[in-house]
2 protein chains.
Amino acid sequence: MAEPITIKDIANLCGVSIATVSRVVNNSPKGVGEKTVERIRKVIEEVGYRPNRLAQSMITKVTHTIGLVIPDVRNPFFSELVRGVEDVCNENGYSCFLCNTDGKLDKENEYIDILRDRIVDGLLFTTQNNKESNPAFLDFHRNKTPLCFIERYVDELPETPGVFFDNEGGAALLTQFVLDKGHRNIAFISGPLSTMNARMRKSGFMSTMQSNGVEVDARLVVEGNYRLDSGYAAVDQLLEHGKPKFTALIAGNDLMALGAYQALVERGYQVPSDISIAGFDNITYPAVFRPLITTIEIPGYKLGSCGTEMLIALMKGQPLAVTRQVFAAALRDKGSVVQI
Amino acid sequence: MAEPITIKDIANLCGVSIATVSRVVNNSPKGVGEKTVERIRKVIEEVGYRPNRLAQSMITKVTHTIGLVIPDVRNPFFSELVRGVEDVCNENGYSCFLCNTDGKLDKENEYIDILRDRIVDGLLFTTQNNKESNPAFLDFHRNKTPLCFIERYVDELPETPGVFFDNEGGAALLTQFVLDKGHRNIAFISGPLSTMNARMRKSGFMSTMQSNGVEVDARLVVEGNYRLDSGYAAVDQLLEHGKPKFTALIAGNDLMALGAYQALVERGYQVPSDISIAGFDNITYPAVFRPLITTIEIPGYKLGSCGTEMLIALMKGQPLAVTRQVFAAALRDKGSVVQI
DNA sequence: CTGTTAGCGCTTTCAA
DNA sequence: TTGAAAGCGCTAACAG
């Protein structure tokens, strides 16, 4: 290990004190002679000196690092989000620790501790898990380490900044779209109602049905778990009493919509001519793949990049104009909902 | 910002010196009275003291962090890989900085500098870009910061450890499979031949054809760029002179295979009954999606986790049994290649 | 304009 | 078994 060059070496090489070198490194108080600045700059360049960030951080107490805690980077929504976060970090001189929790509370806690130990300047946090709030958050909060939520609501920390997706509005938009196509008997497969976004989506569906004066048949509303097979199983439940009583089906996400699609097709129904289908997420794949599902797009990249921008503002001590940003939903019509 | 608790506070609270506290924190030289250890432990627990990792790192020169440099986490292959890396890091007390370069040389260089400044203990690097070797690598090499390649070959650093996928063997396996189905006129769409893996795959195809005594029609071998549309375009090129002269088509990756599929179907050919298709990558999607392409699976997670294990061994100064691990290919038959 | 000095929080000899 | 003291590489008063 070639001993790294230190500020001391530069000072010696230039015949000045380390304080002076430090000043030009931080191009601080212009109170350094121009000649000196130039000379020092030249030497730094020549020998390839790079300040030791650990030493700097020890004094300044800032590390220019953040922690990003997500359930699983393999989920396309999160990889979009991660990329949004990382891009903004990089643009602003921050580096980002990636942490996968699989949504498990103990891993979330573990990572929060790890990140605190690493003295990150801020934390970006997202999870489906909101059964209970995490005590570690309160620590962060106490230490005033900036924290920004992504699609997460914690009752105990109502004023914590965050970026959110308008789940309710998205569901309303989609439901209205289906209604406008003439459907009146619409089935709904929700995500797990333990999660806030599943509740919001369901609520958007229900209220839009109501505001359109369309009664919701309770037997047509079932709960899934956001996975493909639960969409499949939901169809069995919906068809329990023979022929379908619905002409359209809205699922809480595209995966369940796909599962439902499979179940319907296997049972001899044509989609969308017999039954229309719609979902949430806009999971996108190479253009050749079929089926295509009309869906609500959730802007993963945008949530990540904007959340990071908020966090950076926070870390710089800038007051936030808005502490909670809500992103609007966009409909992606892919033809799986037909006029009747 | 509540002032963090320091080792000094613990020392005062316990009426011992900071050296003693340090000893129990690092449960080092058992040379501390059992009573004292217990007392200090208790206080540490009570007040929730956590050693400042920056200060520790300043002295020990290790940060327990690594850098992971990839083209884009949104590519499913890389998100698999990232997860493999992160899991192994976490199991071993390391944290991981994620860096996306889009395969651009300047961003690769930038990140290498950033990571060096952050004093990562090791670097995991992967990219398709191997037109030129990166001077920054040589710095890393000079500093003896452990470096592990993932699917990357740099001529100047032949002895750098790495994990690799057996591209040539995979291509051979797939080609043999197609040959065994009775095909003799087989088209091949390679990836960009500037990349090593595209060359290896092509080479595996060529040599297997040859070893089976099957002549390769040069007009049936075209170069693509690993993207969907280049697979589509390649078909036009292959059909230039009218009817296809091939009964099977192997693409350098699934995306191009998909593009070729689309082009063939649009031109009225049935896949696989008229023309069989095979690819590389085993990109996987929810089970309902069609078409399915027979393919070679590349174990992204495994490459990530094993690469990280190698890197960790390196960082611990353990000698590596093998400096280069090559992962074997596995065929995933999905029915897109039929017997003729 | 520049240098001296005192730490940041911790590990690690060297003594006691 | 424990403590005192010397730094790690750097920043930030405070002098000059």
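First the proteins, then the strands, lettered A, B, ... as listed; each starts at 1. What you are looking at is a predicted structure, and each value in this text was computed from that prediction instead of being measured.
- What separates CZ of A:Arg50 from P of D:dG9 is a distance of 17 Å, to the nearest Å.
- Atom pair A:Asn12:CG and D:dC10:P shows a separation of 12 Å (rounding to whole Å applied).
- Residue B:Met58 is the one, among B:Met58 and A:Ser22, whose nearest nucleotide of DNA chain D lies closer to the 5' end (criterion: closest heavy atom).
- Here the nucleotide nearest the side chain of A:Ile7, chosen from D:dC10, D:dG3, C:dC10, is D:dC10.
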*Checking side-chain hydrogen bond (donor to acceptor under 3.5 Å, both in side chains) for the pair A:Asn92/A:Glu309: CA distance, chi angles, key distance, verdict?*
CA-CA 9 Å; A:Asn92 289 275; A:Glu309 278 162 6; over 6 Å; no
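- Salt bridge status for B:Lys42 with B:Glu46: present, with a side-chain N to carboxylate O gap under 4.0 Å.
- Of the candidates C:dT13, C:dC8, C:dT11, the closest approach to any side-chain atom of B:Gln56 belongs to C:dT11.
- Using the six-membered ring where Trp is involved, B:Phe125 and B:Phe149 have ring planes that are perpendicular, over 60° apart on the 30 and 60° scheme.
- In this structure, the nucleotide among D:dT11, D:dC10, C:dC10 sitting nearest to the side chain of A:Asn26 is D:dT11.
- Look at CZ on B:Arg53: it is 17 Å from C1' on D:dC8, rounded to the nearest Å.
- With respect to B:Asp117 and A:Arg53, no salt bridge is recorded, no charged nitrogen being found less than 4.0 Å from a carboxylate O.
- Put simply, NZ on A:Lys8 is 14 Å from P on D:dA6, counting in whole angstrom units.
- With D:dA12, D:dG9, D:dG3 as the choices, the nucleotide that has an atom nearest any side-chain atom of A:Asn52 turns out to be D:dG9.
- With distances taken from any side-chain atom of A:Ile59 to the nucleotides D:dT1, D:dA4, D:dG9, the minimum falls on D:dG9.
- A:Leu54 has its CG atom 11 Å from the C1' atom of D:dC10, to the nearest Å.
- Heavy-atom distances to DNA chain D give each of A:Thr6 and B:Thr36 a nearest nucleotide, and the one nearer the 5′ end belongs to B:Thr36.
- With rounding to whole Å, A:Lys61 atom NZ is found 17 Å from D:dC10 atom P.
- Using a 4.0 Å heavy-atom criterion, one finds that A:Ser57 contacts no nucleic acid atom at all.
- Which of D:dT11, D:dG9, D:dG3 sits closest to the side chain of B:Thr20 comes down to D:dG3.
- Rounded to whole angstrom, the span from the CZ atom of A:Arg39 across to the C1' atom of C:dT2 amounts to 11 Å.
- In this structure, the CD1 atom of A:Ile40 is 8 Å from the P atom of C:dT2, given to the nearest Å.
- Counting atom types as modelled, B:Arg23 pairs a side-chain N or O with a base atom of D:dG3 as donor and acceptor under 3.5 Å.
- Nucleic acid contact for B:Ile18: base, since at least one base atom lies under 4.0 Å from a heavy atom of the residue.
- Contact annotation for A:Val25: no contact, since no heavy-atom pair falls under 4.0 Å across all strands.
- Between B:Phe164 and B:Phe327, a ring centre-to-centre spacing not shorter than 6.0 Å is recorded.
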